[in-house]
Amino acid sequence: MTGTSDSAGTALRTTTEQHFLWGHRALEAEFATGADGALRLIRLTRPHTQPRSDGGAGAGEPGPEPGPGPDAPLHLVELTALGHGSGWSGPRFTGTAFGARLRHRGHTTREADGWTYLTVELHDPVSALTAFVELSSPVGLPVLRSRVRLRNEGEEPLVVQSVSSLVLGALPSPDGLDVHRARNDWLAECRWHAEPLRDTVTDIHVDVHQHDSRAALTLTGRGSWPTDGHLPMGALTERDGDRAWLWQIESPAGWRWDLGERDHGTYLALNGPTDAEHQWRIRLTPGSEFTTVPGVLALGRGLDDAFAALTSYRRAVRRPHPDHTTLPVVFNDYMNTLMGDPTTEKLLPLIDAAAAAGSEYFCIDSGWYDDSTEGWWDSVGEWLPSPRRFPDGGIRAVLDRIRERGMVPGLWLEPEVVGVRSPVAAELPPEAFFQRDGVRIAEQGRHQLDLRHPAARAHLDKTVDRIVGDWGVGYLKLDYNIVVDPGTCAPGDIAPGAGLLGHAQAYLDWLSEVLDRHPGLVIENCASGGMRMDGATLAVTQLQSISDQQDPLNCPPIAAAAPTAVPPEQGAVWAYPQPGFDDDLITFTLGGALLGRIHLSGHLDRMSEHQLALVRDAVTVYKTLRGDLTEAVPFWPLGLPGWTDEWLALGMRVPDSRTSYLSVWRRGGETELRLPMGDLAGQEVRTEIMHPSAATAGSAVWDGAGLRVSLPRTPAVLLIRLTSGSGSGA
């Protein structure tokens, strides 16, 4: 069978029925069936001529080592099902009996909208289960997206306990690899660290035992916050080479990834929720289907290059929206300011000050609905404005004031929760809420809506259409502040983890329908900060709250690492200057947000004219560069930031341009530091300090191969623009 290709460089070449290649100019995958008839992905690589994904200089990736061959003990799909398992539980132990029974029945390809697609059909004659492995990749990016669609073609139900989204072997031995993972805790998000993979995957001397190790590094999500504890991401880098493999699991609920050793090499398995970790399982009745959450793998020449590719992929896969190109400045009244206690009296001067500072949106955060004296935590759900807080003209008069000052009004909403004291808790049917064993779940004085139920959706549709359609609100900050673990068992669910995933996917469907009805609406995703910072949600919403961190000195490591999880134009970084801050601290909290989405807060209405001028200066600088952020890719000259690092740096490189931006923070240590800038080495580079404007704030000097930055005081931050090219000067 001959191959096909097109002008985009995609191709499918088949040499025999059991061996074929698929990919495009930036990615190539090789598949083969072994003697047992099972299909395997035996090689995944970038072609030799592929340039760097981050736009930096340098040749393409060197050629890969040969894969382990078609008889390596790794199948294209791994799954477990009641009555069909191998005795080993979960995807960590590859080579399950079920995976080995799946036989290649055919494959098809297609091209559409700049993507190339491959669907591989596998069939198990024992259970009559068919697995469709759906692979896709944006043409020109070294990124593979994979999900698996299961169909029961038999006559008996089948209970599935786990199914992989992506399984990849043929990676180098654990001896030469470092693994990277990211802690993601409330107020301390995106904390990456690295360690040798061999520290976990112990060398048991496979040749002596004639058995592969069962040791593995396994990471899982927990509860209904999909990024609580860890980001659903990870990476491998070669210690004596420059290759990197970076992945994310696009699950709005549970997830799991595994790294282990097979056939003297390393394997990677990406999963959504599983029975063992998340109480997830589904019953596939005859003719029914289930599709896994996607697993995504980016390849790079080094970690920065892989993150650049993944950033570009995230832009390619998300829902289009004007906000992704306009990047308006948002003022939010919550953080270190009104803290959930808005009133007309407090808001009006803040609105005027925010407009004077250059804000383009003004979001009233939590508390606007609170008309009680007992606190609002367990009474929310109606989402009607408080007459007590807004006595003259109600909240609509305040929204009008925002519009009069040239800004778009926004409101905070926590749509999925209903307080136990709310009248909505009695108005909606019991089936509209999370439940276990027929009992409605109550978590921290709140019930959780199940958006698979039409009554729950109708309630929220009515709420949003009133706020957006009738009141003219153009921005919604959607929060989620409870954790329901492990989920819900509605009628039809056989396990709570399946109910949780079903609700989470229904929630994203509901968001898409809201945006279909209100295409100009901007939605910010928040869950106590960054506890819902997953790829599935980011593909639908326009902005992502990265943290609730209130200490400006602790914000830099979060802001500097946020682009590992969120494209810069979606990452909402708090900037909350206060009238009690000195000039250095004001510029510090403002400057740290300038390579993301600046989310302004603070008591601007109480500032002196000099202090307000510092705020205006930062906002003005942001507006001059935000157009570049829409396509920029991140890099880290000092490596990914540590929580206690005294110096931190985040760069943004604009592809196909001579321009890069660099934020450098100093929280302690020596007053001067040299930053290596390998991709610019040997070039003439002009440096320009964009923020702060004070001449005494610091300096940045190009020395031909790196940047010498001096910051005489702490805390301090510089935003530097670097322009490279012949004749640019130094």
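Residues: numbered from 1 along the sequence shown. Please read these numbers as outputs of a predicted model, since none were measured by experiment.
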| field | Derivation and outcome, side-chain hydrogen bond (donor to acceptor under 3.5 Å, both in side chains), residues D461 and W510 | value | CA-CA 9 Å; D461 283 340; W510 172 74; 2.8 Å; yes

| query | Does R315 reach the main-chain N or O of T630 with its side chain, forming a donor-acceptor pair under 3.5 Å? | reply | yes

| Thinking salt bridges, do E416 and R532 make one under a 4.0 Å N-O criterion? | yes

| message | For a quick check under 3.5 Å, do S372 and D370 share a side-chain donor-acceptor pair by atom type? | response | yes

| task | Take L511 and T541, measure what side-chain contact (heavy atoms from CB on, under 4.5 Å) needs, and give me the verdict at the end. | result | CA-CA 8 Å; L511 288 180; T541 57; 3.8 Å; yes

| said: So L399 and V473, do their side chains get closer than 4.5 Å, heavy atoms only? | reply: yes

| said: Under the rule for salt bridge (charged side-chain N to carboxylate O under 4.0 Å, His left out), what residues qualify as partners of D605, not counting sequence neighbours? | reply: none

| said: If only side-chain N and O atoms count, and only distance matters, is there a donor-acceptor pair under 3.5 Å linking R452 with Q505? | reply: no

| field | S359 (side chain) donor-acceptor with A355 (main chain) under 3.5 angstrom | value | no

| task | Side-chain contact test, heavy atoms from C-beta onward, threshold under 4.5 Å: evaluate it for V380 versus S422 and give yes or no. | result | no

| said: Could you tell me if the side chain of L590 sits less than 4.5 Å from the side chain of Y622, heavy atoms only? | reply: no

| Can a salt bridge be assigned to the pair R145 and E250 using a cut-off of 4.0 Å between side-chain N and carboxylate O? | yes

| task | State, with a plain yes or no, whether a side-chain heavy atom of P577 is found less than 4.5 Å away from one of Q611. | result | no

| query | In terms of ring plane angle, is the pair H324 and H321 parallel, tilted or perpendicular, where the classes change at 30° and 60°? | reply | perpendicular

| said: For L515 and I523: C-alpha separation, side-chain torsions, deciding distance, then whether side-chain contact (heavy atoms from CB on, under 4.5 Å) applies. | reply: CA-CA 9 Å; L515 289 166; I523 295 178; 3.9 Å; yes

| field | Crowding at CD, E345 (>12 non-hydrogen neighbours, <6.0 Å) | value | no

| R181 and W257, any side-chain heavy atoms less than 4.5 Å apart | yes

| remark: Nearest heavy-atom contact between R626 and L327 is NH1-O, 3.0 Å

| message | Do F362 and L347 have side chains that approach each other closer than 4.5 Å (heavy atoms only, starting at C-beta)? | response | yes

| message | I need the full list of side chain to side chain donor-acceptor pair (under 3.5 Å) pairs touching residues 586-598, with sequence neighbours left out, sorted by first then second residue. | response | D323-R597

| query | Counting distance only, does the side-chain N/O of H278 pair as donor-acceptor with the main-chain N or O of G272 below 3.5 Å? | reply | no

| field | Main-chain N/O of I546 paired to Q544 side chain as donor or acceptor, under 3.5 Å | value | no

| message | Under a 3.5 Å distance rule, please check whether D479 uses its side chain to pair with a backbone N or O of S528 as donor and acceptor. | response | yes

| Distance-only side-chain donor-acceptor flag, Y475 / E524, under 3.5 Å | yes

| Counting heavy atoms not belonging to W376, are there more than 12 under 6.0 Å from its CH2? | yes

| field | Parallel, tilted or perpendicular: ring planes of F307 versus W192, cut at 30 and 60 degrees | value | perpendicular

| remark: Minimal heavy-atom distance between P252 and A536, with the atoms involved, is CD-CB, 4.0 Å

| field | Sub-4.5 Å side-chain heavy-atom contact between T488 and Q448 | value | no

| query | Where do V417 and H447 land on the side-chain contact (heavy atoms from CB on, under 4.5 Å) test, with the steps shown first? | reply | CA-CA 6 Å; V417 302; H447 303 303; over 6 Å; no

| message | Checking D333 against K346 for the salt bridge (charged side-chain N to carboxylate O under 4.0 Å, His left out) test, could you report, in this order, the C-alpha distance in whole Å, the side-chain angles of both residues, the deciding distance, and whether it holds? | response | CA-CA 10 Å; D333 69 27; K346 294 177 181 179; over 6 Å; no

| message | Is there a side-chain contact between F434 and S224 in this structure, where contact means two heavy atoms from C-beta onward sitting under 4.5 Å apart? | response | no

| field | With E646 via salt bridge (charged side-chain N to carboxylate O under 4.0 Å, His left out) - residues at least two apart | value | none

| task | For side-chain hydrogen bond (donor to acceptor under 3.5 Å, both in side chains), just list the numbers for Q550 and N336, CA-CA rounded to whole Å, side-chain angles, deciding distance to a tenth of an Å, and then say yes or no. | result | CA-CA 7 Å; Q550 291 179 251; N336 292 354; 2.9 Å; yes

| Is K477 paired with D365 through a side-chain N to carboxylate O contact shorter than 4.0 Å? | yes

| query | Between G340 and P342, what is the shortest heavy-atom contact and its length? | reply | C-CD, 3.3 Å

| query | Do you know the tightest heavy-atom contact between L500 and G223? | reply | CD2-O, 3.7 Å

| message | How close do R222 and D185 get, counting heavy atoms only, and between which atoms? | response | NH2-OD1, 4.1 Å

| remark: Between W280 and L501 the two heavy atoms that sit nearest each other are NE1-CD2, 3.9 Å

| query | Is R466 reaching over with its side chain to a backbone N or O of W383, donor-acceptor style, under 3.5 angstrom? | reply | yes

| task | Using a strict 4.0 Å threshold on nitrogen-to-oxygen distance, state whether E569 and R314 make a salt bridge. | result | no

| Does D228 pair with R183 as a salt bridge, N-O distance under 4.0 Å? | no

| task | Check step by step if salt bridge (charged side-chain N to carboxylate O under 4.0 Å, His left out) holds for D371 and R389. | result | CA-CA 7 Å; D371 205 37; R389 292 181 176 275; over 6 Å; no

| query | Counting only N and O atoms by type, is there a donor-acceptor contact under 3.5 Å from the side chain of T537 to the main-chain atoms of M533? | reply | no

| query | Taking it one step at a time, do V484 and I441 satisfy side-chain contact (heavy atoms from CB on, under 4.5 Å)? | reply | CA-CA 8 Å; V484 181; I441 294 173; 4.1 Å; yes

| query | Can you tell me if W643 and N554 form a side-chain donor-acceptor pair at under 3.5 Å? | reply | no

| message | Tell me if the aromatic rings of W368 and W412 count as close, with their centers under 6.0 Å from one another. | response | no

| Taking the six-membered ring of F635, is NZ or CZ of R653 closer than 6.0 Å to its centre and within 45° of its axis? | yes

| query | Is there a donor-acceptor pair under 3.5 Å between the side chain of R457 and the backbone N or O of L451? | reply | yes

| query | Counting N and O atoms only, with roles assigned by atom type, does the side chain of R396 sit under 3.5 Å from a partner on the main chain of D470, one being a donor and the other an acceptor? | reply | yes

| Any donor-acceptor pair under 3.5 Å from T337 side chain to G602 backbone | yes

| task | Dump the intermediate steps for side-chain hydrogen bond (donor to acceptor under 3.5 Å, both in side chains) on R319 and Q542, then the final yes or no. | result | CA-CA 8 Å; R319 178 190 177 100; Q542 287 69 64; over 6 Å; no

| request: Please report the C-alpha distance between R667 and D645 in whole Å, then the side-chain angles of each, then the deciding distance to 0.1 Å, and finally whether the salt bridge (charged side-chain N to carboxylate O under 4.0 Å, His left out) criterion is met. | output: CA-CA 8 Å; R667 298 187 292 177; D645 287 356; over 6 Å; no

| Can you list the steps and then say if T220 with E277 is a side-chain hydrogen bond (donor to acceptor under 3.5 Å, both in side chains)? | CA-CA 7 Å; T220 67; E277 283 78 26; over 6 Å; no

| field | Ion pair check, R446 and D378, cut-off under 4.0 Å | value | no

